[in-house]
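Report on one structure; see the data block that follows.
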Amino acid sequence: MTFIKSAISAQRPQYCFSKRNYSTSFLTHHHRQSSSLKVEPSLFYYSSLLSNNSRRHPLSSPSTAPLSNPRYQSTQTTPSTSSFNRLRNTQASPVTRSIPSSRTISSSTTLPIASNQQNVNMSPIALPTYHSNNSNSSLDTHFTNDLRKQLGIRGLIPPVVESFGQQKERCLEQIDSKTTSIDKYMYLANLRNSNVDLFYRLLIDNMPKITPLVYTPVVGEACLKWSHIYTQPEGLYLSWADRGKLREVLDNWREDQVDITVVTDGSRILGLGDLGVNGMGIPVGKLALYTGCAGIHPKRTLPITLDLGTNNEENLRDPLYLGAKMRRVSPSEMLEFLDEMMIALNDKWPGIIVQFEDLKDPFPSLERYRNTYTCFNDDIQGTGAVILAGVMNGFKQSGIPLDQHKLVFMGAGSAAVGVARQIVELFIKSGIPEEQARKQFWLVDSKGLVTNDRGDKLADHKLYFSRSDNDGKQFSSLEEVVDYVQPTGLMGLCTTGGVFTESIIRKMAQIAPRPIIFPLSNPVHKAECTFDEAMKYTDEKCIFASGSPFPDYTGKDGSVYHPGQGNNMYVFPGIGLGTLLCKAVHVSQEMIYASAKGLAEALNEEEHAQSWLYPSLDRIREVSVRVAREVIRSAQAENLDRNKKLQWLSDRELDDFIRDSMYDPREEYVSPAGSDVGSPRGSHL
Ligand SMILES: NC(=O)c1ccc[n+]([C@@H]2O[C@H](COP(=O)([O-])OP(=O)(O)OC[C@H]3O[C@@H](n4cnc5c(N)ncnc54)[C@H](O)[C@@H]3O)[C@@H](O)[C@H]2O)c1
């Protein structure tokens with residue numbers, strides 16, 4: 001049914017809109033050729049069966065209706081004291097009938113495929129008789145006997161009717177049987193494309209095991225080999241060759257509504273450098289985490305990779321490289337391209353959340369768009385928030401008052417500056433004047449301590465923390481800086497493994513009773529020190545978090561210590577979910593700060609008792625609810641929210657609403673005879 005919708009919408013003329021600087025060259029109406037559409041009766045039968053039973057959250061918009069553009073349309077405030085439950089009961093319009101967004105199967109021979117993360121040719125193509133409508137498995141052992149009868153597919157699936165539990169068991173067995181990480185990655189990619197619900201059930205129920213195979217670290221290897229392991233399209237490529245026509249390219253995406261996109265230009269993928277379009281694994285993986293961790297519906301996510309050339313010689317020489325074989329366009333050309341993209345995206349999907357990822361220079365785009373569009377940069381802001389959350393808990397454990405902390409940062413790139421700026425916010429909010437708060441930071445880069453009289457031209461983003469109180473002294477080594485500053489905390493964001501030496505760590509233990517040591521560089525071999533080293537050289541006193549996972553440490557008395565991991569997945573899914581649900585106009589600095597506060601407060605009693613800095617990843621969906629709640633409250637406080645109805649909910653009611661909004665594939669939604677047939681939860685997202 002979804003592809004029927006897609007085919008119909010493909011024939012609709014697209015709206016034009018006028019906006020300053022909008023190039024008229026891509027303000028065209030386009031009509032698509034009508035594709036031939038043959039649908040067998042069973043599809044309609046199944047569709048009506050499902051639609052008759054689908055349910056919808058009363059506070060939500062129908063899944064087929066795009067979210068209103070918060071910039072142009074304000075949702076009326078509901079000045080009511082009614083509780084969430086009253087809203088639930090009284091505001092529910094007669095059930096909005098909609099076709100479930102997943103676990104719908106179709107039977108067609110000449111339909112264009114509507115695929116979640118596939119960009120396919122518009123012309124009718126021959127399909128197998130039973131093809132998925134939305135990347136779902138065409139024939140699923142999950143289908144009940146009744147459903148198989150109704151669809152006329154008896155005998156085409158193995159006889160047994162399986163639960164998610166049984167299906168997951170097989171998946172896990174197959175993953176374990178694969179010997180290389182990349183084989184596991186490819187198996188999961190195939191599952192994501194062939195059986196969306198099962199993939200996400202597997203991910204949600206096995207977060208610590210599956211996440212590293214879907215995202216970091218394995219996605220790094222996948223990106224390095226992307227052009228060689230490629231089997232099927234995922235995501236959308238916006239190419240330099242298509243500039244001036246980006247709006248038309250967006251029309252090729254087969255979903256009516258997209259709520260969130262992750263955009264990379266592949267210029268700085270993880271710590272691996274310029275990988276060009278091979279960076280597509282990053283937006284694909286990150287959006288899988290948006291769905292897994294925060295329940296943003298997979299149909300409403302869009303991975304985008306910009307093909308603006310590559311300066312990677314290997315790519316340029318590789319006959320199988322999947323992108324344009326040209327050198328990268330200039331930074332100003334790239335900004336022009338981004339301008340067009342942002343306008344086109346917001347024209348096609350008003351209010352879409354844009355998350356920038358792994359751009360070589362992430363600051364210009366963030367500064368340019370943060371107050372105009374709903375966007376954020378995870379490398380700067382997400383990192384800043386997640387580390388701030390750990391630091392908030394760490395400061396409490398350190399026993400040192402906030403205004404007496406002195407923090408040395410090894411590294412002064414986007415992550416370091418993002419983290420330092422967030423901690424400044426904390427200091428300011430706690431009553432420390434900004435000028436004083438700023439002076440509690442010492443940033444060191446590859447040229448030494450960042451000072452005003454160092455002799456080189458500092459990048460703009462370093463200026464805020466550049467020091468002039470160094471009495472003309474220049475420091476070329478971290479140890480000299482530590483001796484001079486006597487810091488209470490050491491943050492490593494310099495991509496250079498082992499620079500927190502034994503001697504430096506021991507000094508930290510002499511300076512502070514419980515020194516904060518955060519070696520945050522990824523992957524593991526680039527970490528500034530290991531958990532083992534930090535614990536050993538501080539006599540097990542350090543407050544520790546890393547970017548990459550480290551094994552537990554067993555202390556001298558046999559106690560087992562668990563290292564904190566400042567993983568961005570603690571915050572970005574909740575930031576996206578909160579922003580989406582309250583329909584925020586922008587993602588403000590306050591909202592980012594609030595996400596950190598939400599994360600810091602998400603620890604349960606047991607985790608607090610063990611002095612953890614971050615909650616268990618097993619509870620990530622609950623953590624995302626908490627983060628989303630804080631993001632929504634912050635947007636409300638700044639009047640950036642357009643979904644005013646949420647203002648009338650208590651925190652508990654708001655949490656319930658957030659939970660109810662999350663996509664969560666469940667058994668009961670696929671039983672044709674059951675009363676609750678319909679979309680998995682969160683269909684309105
Ligand atoms: N949640 C997390 O833990 C998290 C999030 C984002 C980034 N990171 C990690 O942070 C690191 C930095 O990321 P980024 O995006 O800021 O990179 P970047 O390239 O923008 O910055 C690196 C900085 O380190 C400095 N540097 C490099 N070598 C150095 C050396 N030997 N001594 C001192 N300074 C040196 C550079 O001058 C630069 O200022 C990466 O390893 C990344 O994986 C971790």
Side-chain angles (χ1 to χ4, degrees), residues 116-118 135 171 175 180-194 196 199-200 202-204 206-237 258 260-272 275-306 322 353-359 377-379 382-383 386 522-523 547-549 565 567-577 617 620 624 663:
N116 177 32
Q117 292 178 354
Q118 284 187 327
S135 309
C171 293
I175 290 169
T180 66
S181 302
I182 206 73
D183 283 342
K184 294 175 203 259
Y185 176 91
M186 289 182 70
Y187 169 80
L188 285 163
N190 185 42
L191 184 66
R192 183 172 59 239
N193 283 297
S194 61
V196 173
F199 171 80
Y200 282 108
L202 184 73
L203 174 62
I204 292 165
N206 299 275
M207 204 52 88
K209 180 180 171 105
I210 305 294
T211 303
L213 300 174
V214 172
Y215 200 59
T216 52
V218 179
V219 71
E221 190 187 346
C223 287
L224 283 170
K225 298 177 174 161
W226 194 260
S227 288
H228 291 259
I229 61 173
Y230 176 86
T231 54
Q232 56 194 320
E234 283 193 278
L236 190 67
Y237 295 88
V258 171
I260 186 161
T261 176
V262 173
V263 179
T264 186
D265 67 346
S267 59
R268 196 186 57 154
I269 295 300
L270 305 172
L272 304 167
L275 300 190
V277 297
N278 290 346
M280 179 56 101
I282 295 297
V284 166
K286 201 124 198 180
L287 284 163
L289 295 187
Y290 270 102
T291 300
C293 302
I296 293 187
H297 203 289
K299 274 167 66 78
R300 290 185 170 218
T301 65
L302 170 57
I304 292 183
T305 295
L306 310 180
L322 290 162
I353 300 165
V354 180
Q355 192 225 283
F356 294 107
E357 185 74 24
D358 285 356
L359 306 181
N377 183 302
D378 189 55
D379 302 316
T383 302
V386 79
N522 298 313
S548 298
Q565 193 198 344
N567 193 327
N568 287 31
M569 70 189 267
Y570 279 120
V571 289
F572 69 78
I575 295 174
L577 181 62
L617 273 181
I620 187 69
S624 295
Y663 163 85

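Residues take their numbers from the sequence shown, with the count starting at 1.
In this structure, Asn206 contributes its side chain and Leu202 its backbone to a donor-acceptor pair below 3.5 Å. Using a distance-only test at 3.5 Å, with no hydrogens or angles considered, no donor-acceptor pair links the side chain of Thr211 to the main chain of Pro208.
Qualifying side-chain hydrogen bond (donor to acceptor under 3.5 Å, both in side chains) partners for Ser267, counting only residues two or more places apart in sequence or in other chains: Asp265. With sequence neighbours left out, Val218 forms a side-chain contact (heavy atoms from CB on, under 4.5 Å) with Ser181, Tyr185, Leu213. With sequence neighbours excluded, the residues satisfying side-chain contact (heavy atoms from CB on, under 4.5 Å) with Pro523 are His525, Lys526. Listed by chain and number, the residues in a side-chain hydrogen bond (donor to acceptor under 3.5 Å, both in side chains) with Asp183 are Thr180 (sequence neighbours excluded). Applying the side-chain hydrogen bond (donor to acceptor under 3.5 Å, both in side chains) test to Thr261 and every residue at least two apart in sequence or in another chain returns nothing. Checked against side-chain hydrogen bond (donor to acceptor under 3.5 Å, both in side chains), Ser227 has the following partners two or more places apart in sequence or in another chain: Asn278. Qualifying side-chain contact (heavy atoms from CB on, under 4.5 Å) partners for Leu224, counting only residues two or more places apart in sequence or in other chains: Leu272, Leu275.
In this structure, the side chains of Val219 and Trp226 stay at 4.5 Å or more apart for every pair of heavy atoms. Side-chain contact between Tyr230 and Leu322: present, with at least one pair of heavy atoms (C-beta onward) separated by less than 4.5 Å. Side-chain atoms of Thr216 and Leu270, non-hydrogen and from C-beta on, do get closer than 4.5 Å to each other. Val262 places none of its side-chain heavy atoms less than 4.5 Å from the side chain of Ile304. Looking only at side-chain heavy atoms (C-beta outward), Lys299 and Tyr663 stay at 4.5 Å or farther from each other. In this structure, the side chains of Tyr200 and Leu203 come closer than 4.5 Å at one or more pairs of heavy atoms. Considering only heavy atoms from C-beta on, Leu236 stays 4.5 Å or farther from Pro303 through its side chain. In this structure, the side chains of Asn193 and Gln232 come closer than 4.5 Å at one or more pairs of heavy atoms.
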Side-chain atoms of residues 283-293: list all donor-acceptor pairs with protein atoms under 3.5 Å, sequence neighbours left out, distances to 0.1 Å.
residue: Lys286; atom: NZ; partner: Glu357; partner atom: OE1; Å: 3.0
residue: Lys286; atom: NZ; partner: Glu357; partner atom: OE2; Å: 2.9
residue: Lys286; atom: NZ; partner: Asp378; partner atom: OD2; Å: 2.6
residue: Tyr290; atom: OH; partner: Gln355; partner atom: OE1; Å: 2.7
residue: Thr291; atom: OG1; partner: Leu287; partner atom: O; Å: 3.3
residue: Thr291; atom: OG1; partner: Ile296; partner atom: O; Å: 2.8

Side-chain donor/acceptor pairs under 3.5 Å, residues 570-577, sequence neighbours excluded:
residue: Tyr570; atom: OH; partner: Pro615; partner atom: O; Å: 2.5

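Contact between Val277 and Tyr237 at its shortest, heavy atoms only, is CB-CE2, 4.0 Å. Closest of all the heavy-atom pairs between Ile175 and Lys184 is O-NZ, 3.1 Å. Here the closest non-hydrogen pair linking Glu234 and Met280 is O-CE, 3.3 Å. Shortest non-hydrogen contact noted between Gly547 and Gln565 is O-NE2, 3.0 Å.
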Verdict with reasoning, Val214 to Phe199, per side-chain contact (heavy atoms from CB on, under 4.5 Å): CA-CA 11 Å; Val214 172; Phe199 171 80; 4.0 Å; yes
Ile229/Met186 under side-chain contact (heavy atoms from CB on, under 4.5 Å): CA gap, chis, key distance, verdict: CA-CA 8 Å; Ile229 61 173; Met186 289 182 70; 3.8 Å; yes
Test Leu306 against Val263 for side-chain contact (heavy atoms from CB on, under 4.5 Å), laying out the working first. CA-CA 7 Å; Leu306 310 180; Val263 179; 3.9 Å; yes
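Within the structure, the salt bridge (charged side-chain N to carboxylate O under 4.0 Å, His left out) test picks out the following pairs touching residues 215-229 (sequence neighbours left out): Glu221-Lys225.
Donor-acceptor pairing under 3.5 Å is lacking for the side chains of Thr264 and Asp358.
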